[in-house]
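Below you'll find the structure, written out as structure tokens, and then a few comments.
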Amino acid sequence: MTTITLPGLIDVHTHLRVPGGEHKEDFASGTAAALAGGMTMILAMPNTSPPLTTTAVLEATLVQAEANIRCDVGLFAGASPQDIAYLPDLAQHAAALKIYLNDTFGRLRVEDVPTMVACFKTWPRHKLIAIYAEKQSVAVSIGLAAVYNRPVHIVHVSRREEIELIADAKAQGLPVTCEVTPHHLFMDQTDAARLGPLGDMRPILGTPDDVAALWEHINTTIDCIATDHAPHTLAEKHSDSPPPGVSGLETSLPLMITAVQNGRLTLPRLIELMHTNPRRIFHLPEQPDTQVEVEMTPTIIRNENLYTKCGWTPFDGREVAGQVSRVVLRGEIVFENGRVLAQPGNGRLIRQS
Ligand code: DOR
Ligand code: ZN
């Protein structure tokens, strides 16, 4: 049997639900899921309850994270019109800034130009601004990157028109990067119809042509694969108002390694998309003596094997080409043969200022 060795993978888009959504995920459970999925470093999103838009909430969350994380974690600060005065303070502790231009789970939203401009003028230039942008908001994001001449990272791109616009922006030399999720690469509208609420997320799944466009750009325009791990309980998903989002930390590498086996991308390219580029784009620290071993053996993804607290994935029942067999973080075995060995508190906070 073949074993493939990879560097510790980095997910720049995880929802860990602290504070306010600990019944869906918390730092200990989310980072266990990360390690089980081959991720040794993750960046957590700020659309919590309350959101990470004030110094008090960010600092309290960092204290909780430090005591409970099993892998390395950085926190995004969130941009919000009412809390814009906190940005300089938030920048001291956050790994990056997230701006939500379009509707998704939670209340965080920026819809006015003055708030966008304040973010671009105030947030330190050496820290990244990541933007949730769909359709014409992608054009807005590229415009802001051009006007203020600073890097912008567009999260979970899902449509042909968006990836082609980003490709054109890059061809002009504009400082734009982007990420794509495995669920937008491996599922389309047909799956959304089949899965009902379990196939609902933002952005919603695309057409087969959108999926084809993403694969056309896998070796060029796409900079990172990011999970958008967005856990919600099954009870919430089957309720009258199901929240959007699916888990992803434990399925992303198995799906992408399957794509490697099927010849859709090379192993070196997978390493660029899931380690090298995320680290470079977000200026993340190196993790010495850190590696992930993947056993190349046909495996069925099963809900019951997951570590995420929500306990389900839209890929339940899907066959993949390999599974994570061992993860070593700073010289210590933190995951082996299906068991998470790292204790809460084992991970480090990423707090570059
Ligand atoms: O489907 C989604 N769920 N997309 C997002 O951007 C946010 C997320 C969540 O927080 O649940
Ligand atoms: Zn997200």
Side-chain angles (χ1 to χ4, degrees), residues 10-26 29-30 33-34 39 42-53 61 73-80 95-110 128-135 137-138 141 153-159 162 178-187 189 191-192 195-206 224-239 241-249 251-252 278 282 308-315:
I10 301 172
D11 182 27
V12 296
H13 194 144
T14 309
H15 297 267
L16 290 180
R17 307 303 191 199
V18 181
E22 292 85 350
H23 63 289
K24 302 171 193 271
E25 198 77 281
D26 59 28
S29 64
M39 315 285 174
I42 60 181
L43 297 185
M45 284 293 161
N47 63 334
T48 49
S49 194
L52 306 185
T53 57
T61 309
V73 174
L75 300 183
F76 273 91
S80 115
L97 178 68
K98 177 78 179 282
I99 304 178
Y100 288 87
L101 295 184
N102 290 98
D103 276 355
T104 181
F105 182 68
R107 286 180 286 117
L108 273 186
R109 212 75 76 238
V110 174
L128 198 63
I129 297 181
I131 306 192
Y132 176 16
E134 288 191 57
K135 299 180 181 171
S137 301
V138 174
S141 310
H153 179 78
I154 301 177
V155 306
H156 45 50
V157 175
S158 66
R159 295 294 186 274
E162 298 165 355
C178 70
E179 66 188 37
V180 167
T181 72
H183 51 261
H184 291 112
L185 284 168
F186 287 87
M187 292 195 290
Q189 289 171 338
D191 299 284
L195 290 161
L198 302 188
D200 180 43
M201 74 293 288
R202 299 294 172 275
I204 59 171
L205 294 172
C224 309
I225 297 295
T227 69
D228 196 15
H229 177 81
H232 298 286
T233 65
L234 279 173
E236 289 165 336
K237 289 299 258 185
H238 291 306
S239 71
S241 50
V246 298
S247 70
L249 281 170
T251 48
S252 291
F282 284 83
T308 173
K309 204 184 265 193
C310 76
W312 68 275
T313 160
F315 294 105

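In what follows, every heavy atom counts, from backbone to side chain, and hydrogens, waters and symmetry copies are set aside. Each ligand, and each atom within it, is numbered from 1 in the order the structure gives.
- With salt bridges taken as basic N to acidic carboxylate O contacts below 4.0 Å, none links Asp26 and Lys24.
- Remark: ligand 1 atoms within the under-4.0 Å shell around heavy atoms of Ala230 are 3 (N), 8 (C), 9 (C), 11 (O).
- Between the side chain of Arg17 and the main chain of Pro231, a donor-acceptor pair closer than 3.5 Å is present.
- Counting all heavy atoms, side chain and backbone alike, Val180 lies closest to Val157 at CG2-O, 3.6 Å.
- Taking a 4.0 Å cut-off on heavy atoms, Met45 fails to register as neighbouring ligand 1.
- In this structure, the side chain of Ser252 does not engage the main chain of Ala226 through any donor-acceptor pair within 3.5 Å.
- Summary of contacts: the protein heavy atom closest to atom 7 (C) of ligand 1 is Thr104 OG1, 3.1 Å.
- Judged by distance alone, the side chain of Glu179 and the main-chain N or O of Ile225 form no donor-acceptor pair under 3.5 Å.
- Each of the following atoms of ligand 1 lies closer than 4.0 Å to a heavy atom of Met201: 1 (O).
- Between Phe282 and His153, the two ring planes are perpendicular [angle over 60°; tilted spans 30° to 60°].
- Taking the N/O/S atoms of Asp228 in turn, the shortest distance to the Zn ion (ligand 2) belongs to OD1.
- For atom 3 (N) of ligand 1, the nearest non-hydrogen atom of the protein is Pro244 O, 3.1 Å.
- A donor-acceptor contact closer than 3.5 angstrom is absent between the side chains of Asp228 and His183.
- Between the side chain of Arg109 and the backbone N or O of Thr104, at least one donor-acceptor pair lies under 3.5 Å.
- For ligand 1, the polar-atom distance check finds an N/O of His232 within less than 3.5 Å of one of the ligand's N/O atoms.
- Residue-level proximity to ligand 1 for Asp200 is absent, since no heavy atom of it falls below 4.0 angstrom.
- Looking at Val246 against ligand 1, nothing comes within 4.0 Å, counting heavy atoms.
- The option with the heavy atom closest to atom 4 (N) of ligand 1, from among His229, Lys24, Arg202, is Arg202.
- The closest heavy-atom contact to atom 11 (O) of ligand 1, among the options His156, His13, Arg17, comes from Arg17.
- An N or O contact shorter than 3.5 Å is missing between Phe105 and ligand 1 by distance.
- The NE2 atom of His13, the Zn ion (ligand 2) and the NE2 atom of His15 define an angle of 110° (nearest 10 degrees).
- Side-chain N or O atoms of Lys237 include none that pairs as donor or acceptor with a backbone N or O of His232 at under 3.5 Å.
- Close N/O approach between Tyr132 and ligand 1 is not found [any backbone or side-chain N/O within under 3.5 Å].
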